[in-house]
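Atoms within a ligand are numbered from 1 in the order they appear, just like the ligands themselves.
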Amino acid sequence: MSFDGHQAPLLDVASLRGEFPILSREAYGKPLVYLDNAASAQKPRAVINAMKDAMEHSYANVHRGLHLLSNEATAAFEDARKTAAAFLNAPSPDDIVFTGGGTDAFNLVAYALGVSEIGEGDEIILSLMEHHSNIVPWHLLRERKGAVLKWLDVSEDGAIDLDAYRAMFTDRTKLVAISHMSNVLGAATPAKEMAKIAHDHGAKILLDGCQAGVHGPVDVSDIDCDFYVLTGHKLYGPTGIGVLYGRRDVMYDLPPFRGGGEMIDTVTTEAVTYNDPPHRFEAGTPAILEAIGLGAALSWMQDKGVDAIAAHEAALAAHALEELSKLNFVRVFGRAPGKAPIIAFAVEGAHPHDVSAILDRTGVAVRAGHHCAQPLMKRLGVTATSRASFAAYNTHEDVEALIRGLQKTHQMLS
Ligand SMILES: *Cc1c(COP(=O)(O)O)cnc(C)c1O
């Protein structure tokens, strides 16, 4: 992944902001400065309208219908799958499973691998900077199946030592489940190299792309991973929808996670046979409107230019990091070169919750807490941090508002 957008086209941020209705509201009578994008992004009109249009004009259940509305809804739903496949450069839309979100995708893979190949004593490699949703499903396999979790250390900037990683593999290693980008440190992991090393040792690799997918182009064919996870609501799309990309041969060998309609081939009173992927993993009526909304969000990102968005965000991150380094009462966690615009920090002598409460009153929304990454908090020697995270619609004025808010916070708390 590259964040140096020298050749990237420019993003027209002022006009792009006009596409987000919520950005015109105020917070406590002040302009809204929304810097909680790593938790969830705001939605452009393209997404809002796609979902509204579907409800107003083309709504019915998908796949089984033999009538106009069902056919239209099915076409829109399947178009979203094609868009997701193109977004990730997956070989085919059939390699894309719609899930209930990022968390749902990790649980799907963990459950299915726990049935088919991960048993007592088998090893799973995780890093210390994983999000809880890419930790807890593997702990469930530890509790239920006796799987062994092995933890890869990361530097304070979120860098990975590939030699240390390589040395962790044994003949019991079945899977690597690792973040493609930390939701705290903003550092991207060397996914392609890590995938190669995993495969050289006969292990599979799952990448958590819930952040990486937002902040730069992703090419699952080039990375050559077995699984890749996206979540819709951080990609300017709706909640309740995510994407699991799975390699064709791997997905065909995987047993289902949930049972119900759509995922079967035949059902008798004695037995059941399963549908092929991706349908095998989409039991029941899917999140039709949310999939359509996600498709619209990914198309919107592609229209603006994923590279152009990344270049703008890189400039915001560089600006913010430079200004923050001038505040001698602020400690920044993670300064990897070219990192994504996700900045965790501490204000000397102040609890992160107080920092975010004071910033909030200035109209600046940031997150405070452990960011669903308690092992990383322990690694960094803290229990919580503040986190400012930027999106395509943020501006250099937003960076300045954050800095002014922090100066005010420091005055009030010292
Ligand atoms: C948000 C996030 C998740 C979880 O996604 P949900 O949409 O909350 O299920 C997983 N990993 C990372 C890195 C995230 O940022």
Inventory of protein N or O atoms under 3.5 Å from ligand 1 N or O:
unit_1   : atom_1 : unit_2 : atom_2 : d
ligand 1 : 7 (O)  : Thr231 : OG1    : 2.7
ligand 1 : 7 (O)  : His233 : NE2    : 2.7
ligand 1 : 9 (O)  : Gly102 : N      : 3.4
ligand 1 : 9 (O)  : Thr103 : N      : 2.8
ligand 1 : 9 (O)  : Thr103 : OG1    : 2.6
ligand 1 : 11 (N) : Asp208 : OD1    : 3.3
ligand 1 : 11 (N) : Asp208 : OD2    : 2.6
ligand 1 : 15 (O) : Gln211 : NE2    : 2.7
ligand 1 : 15 (O) : Lys234 : NZ     : 2.7

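Between Gly102 and Cys210, the closest heavy-atom pair is CA-SG, 4.1 Å. Between Leu321 and Lys339, the closest heavy-atom pair is CD1-CE, 4.3 Å.
Under the ring-ring contact (aromatic ring centres under 6.0 Å, His included) rule, Phe257 has a single partner from Tyr111, Phe106, Phe281, which is Tyr111.
Identified under the salt bridge (charged side-chain N to carboxylate O under 4.0 Å, His left out) test for residues 102-113, with sequence neighbours left out: Asp104-Arg258.
Between His279 and His63, the two ring planes are perpendicular [angle over 60°; tilted spans 30° to 60°]. Taking the six-membered ring for Trp and thresholds of 30 and 60 degrees, His132 and His370 have ring planes inclined between 30 and 60 degrees apart.
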